[in-house]
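For reference, the structure is listed below as structure tokens.
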Protein chains: 2
Amino acid sequence: MTAELSDMPEFSPRQNAVLEQALKLLVDGGEKALTTSGLARAANCSKESLYKWFGDRDGLLAAMIAYQASKVRTFERSGGRLTADLLREHLETFGRDLLEVLSGEVSLALNRLAIGQASREGSKLGRLLVEHGRRQIDRRAIGLMEAGRRAGLLRFPDADSAYHTLYGLIVSDLHVRMLLGENGLKDNARQAEKAVHAFLSLHGASQNTERAGRAHSDA
Amino acid sequence: MTAELSDMPEFSPRQNAVLEQALKLLVDGGEKALTTSGLARAANCSKESLYKWFGDRDGLLAAMIAYQASKVRTFERSGGRLTADLLREHLETFGRDLLEVLSGEVSLALNRLAIGQASREGSKLGRLLVEHGRRQIDRRAIGLMEAGRRAGLLRFPDADSAYHTLYGLIVSDLHVRMLLGENGLKDNARQAEKAVHAFLSLHGASQNTERAGRAHSDA
DNA sequence: TCCTTGCAGTACCGTACGGTACGGTTCCGT
DNA sequence: ACGGAACCGTACCGTACGGTACTGCAAGGA
């Protein structure tokens, strides 16, 4: 797939370094800590350059989101024949990756930033974030869904709806809790495992996709 | 002096009116619009009174959360005998209520506020919000879970885990999307219906709790 | 060598906020 | 009637931010 270059402003290396520092400041101290003066000091650049490069503060924030999104590359894994075990493997990997991304410091900081700005009308940050950061991973999951259905391993009327079910099973309210400051899970892999087990119980084509040997009964 | 978290400060009617105005300002314009001067002007009170009543700005924010939580009363519905249909009814009602609460303007505004402040270390707003606003509804759901299990209608090893499953099925990523500024669902009841159907498929004791007649297939 | 371009560093400006202080008014108890 | 408490309205203060302007300086090209 060819990535849309029009959405990617392609900043200069110097600008990338500045944006990196900006993300660091944001992660460390939240939006309050991300001031133009502070960023100029931390990144050894002048405020005038910041305004020349990014226009204004909102432009800087948008650039930070675009820059972070440009760092995350989602690789389309499409091997050959898809078996039940392989599908579960892929689903669990997806779940682990999803939890890993959502609990990342930068992701949490950017989401907090966008949510904090979401009240204002002209704030495109939320759209931007969900567009750049989410669409990739959504595509990967939907692809997995439809591959599973084509292989006769999954049954559902609507891939999008099934994906939302999987998402809910994996994440539940964890994302919001982490956004509120709570700690993440101790074992993302276990959570992914349980979620995929439930998902396959709901949408798996054959019942024996559930292996009785796995320890899903827990304590 | 700081009040204990556990008790209800029980504000005076005048203070309640001021807090109501504060919530209105917050809902309308976000945290940026909630200034002490602006609140004093909007509520026809003096800034001095604000600081006398709530200590400082953080105290005001905490008071707003406590006040809003005091308005939401969750009534423990525990009738007599619990049948499968009755259980599903209660679960669906819970789902509708949950979606209704989460998509409420005040809830979204307060969550945005707490999330925006979550980066700072000394910010108890997140804990406060999840404590006051969530515990009630959590209790209600867990009670429902265990009542269902006692009646032999539900099977699960852990009520808390089962509740999180239900929560994820109902809400998925909708809460975060709404926090980012997206619109809510057109039909909360339908979403609750689908979620409860899936939940009963996972944790319902007997398979015939799923009535074939219901229209869960569609697009 | 000179001129231009780009940027760091800093000083500066207007504004707006959190928080405090003070005068004036209403209300209540005695 | 008197005094005090509570409170409104406003003026005020220090600070810090976003954004602009200006001064130096280093690199590159003719």
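Only a predicted model underlies this, so the values are computations on that prediction, with no experimental measurement involved. We name chains A, B, ... by the order of the sequence lines, and we start the count at 1 in each one.
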If you compare every side-chain N and O of Trp53(A) against the phosphate oxygens of dG6(C) (OP1, OP2), does one of them come in below 4.0 Å? no

Supply the atom-to-atom distance Leu113(B) CG to Ile65(B) CD1, rounded to the nearest 0.5 angstrom. 6.0 Å

Roughly how many Å is it from CZ in Phe54(A) to P in dG18(D), rounded to a whole number? 15 Å

From CG of Leu39(A) over to C1' of dA16(D), roughly how many Å is that when rounded to an integer? 16 Å

Got a donor-acceptor contact below 3.5 angstrom from the Ser172(B) side chain to the Leu169(B) backbone? no

Below 30° counts as parallel, above 60° as perpendicular, anything between as tilted: where do the rings of Tyr163(B) and Tyr167(B) land? perpendicular

Check the distance between dA16(D)'s C1' and Lys32(B)'s NZ and give it to me in whole angstrom. 16 Å

Arg41(B) near the nucleic acid: base, sugar-phosphate alone, or nothing, with a heavy-atom cut-off under 4.0 Å? nothing

Leu61(A) atom CG is separated from dG19(D) atom P, nearest whole Å, by 10 Å

Rounded at 0.5 Å granularity, tell me how far CG in Asp28(B) sits from CD in Gln21(B). 9.0 Å

Atom pair CG/NE2 of Leu202(B) and His197(A) - distance to nearest 0.5 Å: 8.0 Å

Quickly work out the Leu60(B) CG to dC17(C) P distance and round it to whole Å. 14 Å

Arg57(B) has its side chain closest, among dG18(C), dG19(D), dA8(C), to dG18(C)

Of the listed nucleotides dA8(C), dA6(D), dG18(C), the one nearest the side chain of Cys45(A): dA8(C)

Between dA16(D) (C1') and Glu31(A) (CD): distance, integer Å: 15 Å

Is any side-chain N or O of Thr36(A) closer than 4.0 Å to OP1 or OP2 of dG18(D)? yes

What's the spacing between Leu102(B) CG and Asp173(A) CG if we round to 0.5 Å? 9.5 Å

With 3.5 Å as the limit, what N/O pairs link the protein to nucleotides 20-24 of chain D?
unit_1, atom_1, unit_2, atom_2, d
dC22(D), N4, Glu48(A), OE1, 2.3
dC22(D), N4, Glu48(A), OE2, 3.4

How close or far is atom P of dG19(D) from atom CG of Leu34(A), stated in whole angstroms? 12 Å

Do you know the tightest heavy-atom contact between Arg140(A) and Phe94(A)? NH2-CA, 3.8 Å

Leu50(B) CG - dC17(C) P separation (whole Å): 14 Å

